[in-house]
Amino acid sequence: QVQLVESGGGLVQAGGSLRLSCAASGRSVHAFAWFRQAPGKEREFVAAIVQSPINTDYADSVKGRFTISRDNAKKTVYLQMNALTPEDTAVYYCAARIAIIGEYEYWGQGTQVTVSS
């Protein structure tokens, strides 16, 4: 089992930055990801980071603005979000996968990010 706790969401003006954190406990995680869900929309992939070999992946909508990273010693994954726009407003969810391949099995409770224009 893996437990995930997100933090760092909040209200920010367009053009601003936020850093989300997701602390994991329990079993070792091979891959972390961030997803988001805006009101009335489907949940969408934002970014992922794989442990070995280290590799990252981003949705086209956030490339060049968001950076995903992980601190293995702290068992924490981060999402640095820069140049935020109102379209980034959503609940952001941290997800984790123990296996090398497959679906993300574990999910956090979500943290709200609101970007005002």
Side-chain angles (χ1 to χ4, degrees):
Q1 285 285 60
V2 176
Q3 293 77 43
L4 302 172
V5 178
E6 300 109 330
S7 61
L11 174 64
V12 64
Q13 287 189 328
S17 298
L18 280 176
R19 189 176 81 155
L20 305 183
S21 299
C22 174
S25 60
R27 297 179 63 183
S28 295
V29 171
H30 176 72
F32 285 104
W34 288 95
F35 290 77
R36 66 186 181 186
Q37 187 166 21
K41 294 188 176 181
E42 298 278 324
R43 184 177 295 184
E44 64 174 0
F45 169 79
V46 175
I49 185 165
V50 176
Q51 170 64 11
S52 182
I54 291 290
N55 193 22
T56 57
D57 189 25
Y58 297 92
D60 288 342
S61 59
V62 306
K63 279 181 182 176
R65 300 188 299 122
F66 290 11
T67 302
I68 189 170
S69 61
R70 63 189 289 174
D71 183 331
N72 290 329
K74 296 182 179 178
K75 299 179 76 172
T76 299
V77 63
Y78 304 97
L79 185 68
Q80 177 66 44
M81 305 185 294
N82 298 328
L84 286 161
T85 73
E87 289 67 40
D88 296 314
T89 295
V91 177
Y92 283 70
Y93 296 91
C94 177
R97 186 177 77 229
I98 294 173
I100 295 174
I101 60 173
E103 299 295 318
Y104 289 95
E105 311 153 274
Y106 303 99
W107 293 81
Q109 80 286 356
T111 185
Q112 176 70 47
V113 171
T114 302
V115 184
S116 63
S117 56

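Side chains are part of it too, since the values below use all heavy atoms of this structure and drop only hydrogens, waters and symmetry mates.
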Could you check whether any side-chain N or O of Arg70 sits under 3.5 Å from a backbone N or O of Thr76, counting only pairs where one atom can act as donor and the other as acceptor? no
Ring-face cation contact, Tyr93 with Arg36, 6.0 Å cut, 45° max: no
Within a strict 4.5 Å, meaning less than it, do heavy atoms of the Leu18 and Gln80 side chains meet? no
Please name the pair of heavy atoms, one in Ser116 and one in Pro86, separated by the smallest distance, quoted to 0.1 Å. C-CG, 4.5 Å
Do Phe35 and Trp107 have ring centroids that are under 6.0 Å from one another? yes
Expected output: side-chain Arg97 to main-chain Ala99 donor-acceptor under 3.5 Å: yes
Measuring from Glu42:CD to Glu44:CD, what's the distance to the nearest 0.5 Å? 10.0 Å
Are any non-hydrogen side-chain atoms of Val29 and Lys75 less than 4.5 angstrom apart? no
Is there a donor-acceptor contact under 3.5 Å from the side chain of Gln1 to the main chain of Arg27? no
Donor on one side chain, acceptor on other, Thr89 and Glu87, under 3.5 Å: no
Side-chain donor-acceptor pair present, Gln3, Ser25, cut-off under 3.5 Å: yes
Shortest non-hydrogen contact from Ala95 toward Tyr104: CB-CB, 3.8 Å
Just wondering, do Met81 and Asp88 contact through their side chains at under 4.5 Å, heavy atoms? no
What are the two closest heavy atoms between Ala14 and Ser117, and how far apart are they? CB-CA, 4.3 Å
Got Val2 and Leu4 here, is their nearest side-chain heavy-atom distance under 4.5 Å? yes
Asp71 side chain vs Lys74 backbone, donor-acceptor pair below 3.5 Å: yes
Within the 4.5 Å heavy-atom criterion, are Tyr78 and Leu20 side-chain neighbours or not? no
Could you see if Val12 belongs to whatever hydrophobic cluster contains Val62? Use Ile, Leu, Val, Met, Phe, Trp, Tyr and a side-chain cutoff under 4.5 Å. yes
With no hydrogens and no angle check, is any side-chain donor or acceptor of Glu6 less than 3.5 Å from a backbone partner on Cys94? yes
Do Thr85 and Arg65 pass the side-chain contact (heavy atoms from CB on, under 4.5 Å) test, and can you show the C-alpha distance, the side-chain angles, and the key distance before you say yes or no? CA-CA 10 Å; Thr85 73; Arg65 300 188 299 122; 4.3 Å; yes
4.5 Å side-chain heavy-atom contact, Thr67 and Leu79: no
Using modelled atom types and a 3.5 Å cut-off, is there a donor and acceptor pairing between side-chain atoms of Tyr106 and backbone atoms of Ile98? no
Evaluate the side-chain contact (heavy atoms from CB on, under 4.5 Å) criterion for residues Phe32 and Val50: first the C-alpha distance (whole Å), next the side-chain angles of each, then the deciding distance (0.1 Å), finally the verdict. CA-CA 7 Å; Phe32 285 104; Val50 176; over 6 Å; no
Does the side chain of Tyr58 reach to within under 4.5 Å of the side chain of Ile68, using non-hydrogen atoms? yes
Just by distance, do the side chain of Thr111 and the backbone of Tyr92 share a donor-acceptor pair under 3.5 Å? no
Just wondering, more than 12 heavy atoms not from Gln109 lying within 6.0 Å of its CD? yes
